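Notes follow the structure.
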Amino acid sequence: MTGHLSWPIKTSFRRYVEAMPDGVVSVDSGARLLATTIHFPLETPLTPGEPLPSEIRFAGDVQFEGHGGRLAILFSELRLERTAGGHRLTIDHPWSVDGSLPRIPVAEVRWNRLASTHASSESVSLSSEGASLFNNAYERGSQLDQMSIELDVASP
Ligand code: HEM
C-alpha cells in the first residue's frame, strides 16, 4: 500500500535556516515541503495491520543550505532499519555514488502507537553521527521531531 513518512526533521533548525538571508530549504525526488512537516513517499509497500518490516525505504530529498555555502545538509534516501527497540533512521552519504560510501545513521526511533494504517514515534534520538551532521549544535541523544508513517486509505 502506498503512503508516506511525515517528518519535519527539526522545526527549530528549519526556522534557523529559513531566517538566514541566504537560507534555503528545498525538496526534490517526490518529497513535499509543507508548512509544518515534510512528506517522503513510501517506497517499500506496507500492509495495513501487519508489523512494520525490518527495512522501510522512502524516496524524496530535502536540502538545507545557508551561511554562504558553509551550511549544507542533504537528507536523501531515508531508510528505517529495525533494531532491538524500534528502527534506526539512516540516510545516504551525500558524496556516495551508487552506495559507494556507508550510509549515515541519524537517529534511533521508538514507536508509540502502531495502528493498522498509522505508526507514530515516541522518540527520535539523535546519534553521534547525526549530531556531527548538525555541526554538533545538538547533543547525541537529543530529540529530533517526532515522525509518523501514514498509509493511504483506499476510498470505497
Ligand atoms: C558559518 C558559520 C556559522 C555561524 C556564524 C553560525 C551561527 C549560529 C547561531 C548564532 C546559532 C544560534 C541561533 C539561534 O539561537 O537562533 C546557530 C544555531 C545552529 N547552527 Fe549554526 N552557525 C554556523 C554554521 C553552522 C553549520 C555549518 C551548521 C550545520 C551544518 C549549523 C547548524 C546549526 C544548528 C543545528 C543550530 C541550532 C538551531 C536550532 O535548533 O535552534 N551552523 N548557529
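Just so you know, ligand 1 is whichever comes first in the structure, and atom 1 is the first atom listed for that ligand. Heavy-atom basis, side chains included; hydrogens, waters and symmetry copies ignored. Everything numeric in this text was worked out from a predicted model, so none of it was measured. In this chain, residues are counted from 1 in sequence order.
- A side-chain contact (heavy atoms from CB on, under 4.5 Å) with Leu151 holds for exactly one of Thr47, Thr117, Thr2; it is Thr117.
- Of all protein heavy atoms, the one closest to atom 24 (C) of ligand 1 is His67 CD2, 3.3 Å.
- Within the structure, ligand 1 lacks Phe64 among the residues with a heavy atom less than 4.0 angstrom away.
- No side-chain donor-acceptor contact under 3.5 Å links Thr37 to the backbone of Leu34.
- The cationic group of Lys10 does not satisfy the cation-pi geometry with Phe134, failing either the under 6.0 Å distance to the six-membered ring centre or the 45° limit from the ring axis.
- Residue, atom and distance of the protein heavy atom nearest to atom 31 (C) of ligand 1 are Leu71 CD1, 3.6 Å.
- At least one donor-acceptor pair closer than 3.5 Å links the side chain of Ser121 to the backbone N or O of Met147.
- Distances from atom 14 (C) of ligand 1 to the protein include no heavy-atom value under 4.0 Å.
- Among Tyr138, Phe134, Phe13, the residue whose heavy atom lies nearest to atom 40 (O) of ligand 1 is Tyr138.
- With a 4.0 Å heavy-atom cut-off, ligand 1 is reached by the side chain of Tyr16 but not by its N, CA, C or O.
- The ligand atoms of ligand 1 that sit less than 4.0 angstrom from a heavy atom of Arg70 are 1 (C), 27 (C).
- Considering Glu81, Arg79, Glu55, Glu77 as possible partners of Thr90, the one that fulfils the side-chain hydrogen bond (donor to acceptor under 3.5 Å, both in side chains) test is Glu81.
- Among the atoms of Asn135, none of the N, O or S atoms falls under 2.8 Å from atom 21 (Fe) of ligand 1.
- Only side-chain heavy atoms of Ala137 come within less than 4.0 Å of ligand 1; its backbone N, CA, C and O stay farther off.
- His67 places no side-chain N or O within donor-acceptor distance of the main-chain N or O of Gly69, the cut-off being under 3.5 Å.
- Side-chain contact check for Gln63 and Ser26: no donor-acceptor pair (N or O, by modelled atom type) lies under 3.5 Å.
- Atom 27 (C) of ligand 1 lies below 4.0 Å from at least one non-hydrogen atom of the protein.
- Side chains of His87 and Trp111: a donor on one and an acceptor on the other come within 3.5 Å.
- Here the heavy atom of the protein found nearest to atom 30 (C) of ligand 1 is Leu133 O, 3.5 Å.
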